[in-house]
Amino acid sequence: MRSSWADSVVNSAAENVAAGSSASNGVATAAKPTRGAYIPPHLRNLTPSSEPPAPAYSGPSSANDRSGYSGNRWGGPRNDSNQTGYSSGGRTGGWNNKSGGWDRGREREVNPFGDDVDTEKVFSEQENTGINFDAYEDIPVETSGDNVPPPVNTFAEIDLGEALNQNIKRCKYVKPTPVQRHAIPISLAGRDLMACAQTGSGKTAAFCFPIISGIMKGQASQRPPRGARTVYPLALILSPTRELSCQIHDEAKKFSYQTGVKVVVAYGGAPISQQLRDLERGVDILVATPGRLVDLLERARVSLQMIRYLALDEADRMLDMGFEPQIRKIVEQMDMPPQGVRQTMLFSATFPKEIQKLASDFLSNYVFLAVGRVGSSTDLIVQRVEFVHDTDKRSHLMDLLHAQRANGVHGKQYLTLVFVETKKGADSLEHWLCMNGFPATTIHGDRTQQEREQALRSFKSGVTPILVATDVAARGLDIPHVAHVVNFDLPNDIDDYVHRIGRTGRAGKTGLATAFFNDNNSSLAKALSELMQEANQEVPAWLSRYAARSPYVGRNRRSGGGGRFGGRDFRRDASFNRGGTDYYSGGNSSTGYGTAGGYGGGYGSGVTSAWD
DNA sequence: AAAAAAG
């Protein structure tokens, strides 16, 4: 007999699994060795995972309860569901579904794939079906740097280790995606990497596989005896938003299942107590947002001394004005090993040259990899631009939504993501939509973390098939079934536009992106029109006229090069090589199409690949 | 000018 909140934890976890999402923070995989006695991850997992289930809950121990959060307090009855009254149905929400505190110490690892028996079913019903591989066969690939390791064609020809291979199979990843074909061998060869690959193309797996594999094969290293509660992760993965860190964590848990490699996530807006407990149970890979990590470092609960792998997702965002100081602090001013000692990997769909230059501070003799922007800006996403005055935007949006509804394509299979400029604007548009009979919710930085996560769940589940979002949702989030992205307010930066529309058209599926353009967006006209032209989209004549009038340089100013990539290696750009430093090694460099690596063709229908 | 990220 469990207490009622324990039941809600269990139910909530069960729903988590049923929904195919990972029940986060699985409990330790094996008896925890005493600190100081380092046991390599592959030896930690000798305990079979077929242990009896955790016994009935018998109440929190006083030790666990220090924070006061172990109970239902955070997930309590206070209904935070948005003003519409649409709740995500069934979920209690809140933090308790992640707690794991009640059965901590169990030598059981939560199966992130759901029930073993149903694994096939769960995954065959998920989004990883019907991938349009044909769309990826002529993806251009460009690499530069010294002695670039050649790409592989299959997972089988890389020695990732048996346990990891097993998980790749469980994910039904049959073939590596283009970015994975190139990035994984580069990482396994120990090289630093700056990778520029289209949205939704499998970047998460591209940096997780080599990290997990490397940790499993790694030599047992001496753990420095230190402050009792300090933990020493071997890999650090940073991302710019809390939800993205959660998503990466969920993915990494799948990839590391039964490998003995422990993944922990830490981010702000959630109680730190649970994250501290997770860390104490051991961590090999730490996924974090910068603010919370700095907090943990300053409390000396985490040390970066043992870091062997550093990965920055959405690296261009991580190094832009808002984030750069924090990232520099973490990477350069704490106790992380310097570049060249650790291995560093930077990933993003866009890589402005200015940011590349900053990023090269963190890298050592790195390989630059660019994989074409298919998936975010080719014909997989139909891009439309409509001239709409600010005052007409709402009614215009309403027309679009009515049309969708009339076509019978609303509901779970037809999610609509609406981007606006400001947090206030998001709240107000959400309210207006709800008043007008369109179930909507919103995600932005003024909402509590619980509200944000609730909104995302409610959107993904189709309960509120419209999500009004600020740029917090622009990058990296993988939301299946987003068929329509509306840029209600266009961003000022074309790269932000690329990331936003990349929320649809994922995993080779088609998507629609509609933008409302007016005089306030004239500075974007040239870049937008060029981008659309590159993607073979129909550019309205009025937009071309705006573009011709535009005093601004197009996207070349930022990502440079334009064309097929989200960026080109700045080391090859003469303007960056004045002043004596020849960044570009002149080593081998190749540009070619996908088949250069020999991976053209050969996808059977229904075959799944490792998209992110 | 806005958003994000610590509380």
Side-chain angles (χ1 to χ4, degrees), chain A residues 67-69 74 95 236-249 265-276 279 286-302 312-331 333-334 348 350 352 355 390 417-430 442-453 455-456 467-477 487-500 503 516 518-524 552 558:
Chain A
S67 71
Y69 286 128
W74 274 77
W95 307 106
L236 177 63
I237 300 172
L238 292 172
S239 95
T241 66
R242 298 162 180 175
E243 287 77 12
L244 186 51
S245 281
C246 283
Q247 180 180 301
I248 295 167
H249 172 250
V265 67
Y267 57 90
I272 201 168
S273 49
Q274 181 59 47
Q275 293 171 7
L276 290 173
L279 289 167
L286 178 58
V287 185
T289 48
R292 179 54 62 89
L293 176 62
V294 167
D295 190 0
L296 292 167
L297 291 169
E298 285 172 349
R299 295 178 189 220
R301 297 299 296 260
V302 170
L312 302 192
D313 200 9
E314 307 298 341
D316 61 332
R317 167 63 83 233
M318 301 302 277
L319 292 168
D320 80 6
M321 276 195 350
F323 270 121
E324 192 205 340
Q326 263 183 315
I327 301 302
R328 279 201 188 275
K329 176 169 184 173
I330 292 166
V331 176
Q333 288 153 37
M334 306 304 286
S348 182
T350 53
I355 303 287
D390 281 344
L417 181 51
V418 182
F419 282 104
V420 296
E421 190 66 20
T422 65
K423 295 178 278 198
K424 269 180 68 177
D427 279 334
S428 124
L429 182 58
E430 178 229 24
T442 181
I443 186 167
H444 60 69
D446 272 357
R447 305 200 80 194
T448 68
Q449 192 55 28
Q450 282 180 88
E451 288 170 330
R452 287 165 56 159
E453 290 176 18
L456 210 48
L467 179 65
V468 183
T470 60
D471 268 332
V472 70
R475 285 168 172 264
L477 293 188
N487 274 289
F488 190 89
D489 301 318
L490 272 164
N492 296 317
D493 186 320
I494 192 65
D495 285 343
D496 291 333
Y497 174 84
V498 170
H499 284 274
R500 285 180 178 188
R503 294 318 99 213
F516 296 171
N518 61 37
D519 287 329
N520 299 328
N521 310 114
S522 52
S523 66
L524 195 69
Y552 292 96
R558 281 185 56 81

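Since we're looking at a predicted model, the values are computed, not measured. Numbers restart at 1 for each chain; the letters A, B, ... are given by sequence-line order, proteins then strands. Any value given below was found using the heavy atoms of this structure, including those in side chains, with hydrogens, waters and symmetry copies removed.
The CG-P distance, from A/L293 to B/dA6, rounds to 9 Å in whole Å. One interatomic measurement links the two molecules: CD1 of A/I443 to P of B/dA2, which rounds to 20 Å at whole-angstrom precision. Whole-Å rounding puts the A/D496 CG to B/dA1 P distance at 18 Å. Going from atom CZ of A/R452 over to atom P of B/dA4 covers 7 Å, rounded to whole Å. Atom CG in A/D493 sits about 17 Å away from atom P in B/dA1, given to the nearest Å. Computed from coordinates, the A/R475 CZ to B/dA2 P distance equals 20 Å when rounded to whole Å. As rounded to whole Å, 13 Å separates atom P of B/dA2 from atom CG of A/D489. Here the C1' atom of nucleotide B/dA6 and the CZ atom of A/F323 are 12 Å apart, to the nearest Å.
Residue A/T289 places at least one side-chain N or O under 4.0 Å from the OP1 or OP2 atom of B/dA6. Applying the 4.0 Å criterion to OP1 and OP2 of B/dA2, one finds that A/K424 has every side-chain N and O outside that range. In terms of phosphate contacts, A/R317 brings no side-chain nitrogen or oxygen within less than 4.0 Å of OP1 or OP2 of B/dA3.
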Practice task
Output, in order, the C-alpha distance, side-chain angles, deciding distance and verdict of side-chain hydrogen bond (donor to acceptor under 3.5 Å, both in side chains) for A/H444 and A/D427.
Solution key: CA-CA 9 Å; A/H444 60 69; A/D427 279 334; 3.0 Å; yes
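Residue contacts for A/G445: at a heavy-atom cut-off of 4.0 Å it reaches the sugar-phosphate backbone alone, with no base atom in range.
For A/E243, the side-chain atoms get nearest to B/dA5 when compared with the rest of B/dA1, B/dA6, B/dA5. Side-chain proximity of A/E298 to B/dA3, B/dA4, B/dA6: nearest is B/dA6.
Side-chain atoms of A/Q449 and A/E453 include a donor-acceptor pair closer than 3.5 Å.
Under the 4.0 Å criterion applied to side-chain N and carboxylate O atoms, A/K424 and A/D446 are not assigned as salt-bridge partners. In this structure, A/D295 pairs ionically with A/R299, as a charged nitrogen and a carboxylate oxygen lie closer than 4.0 Å.
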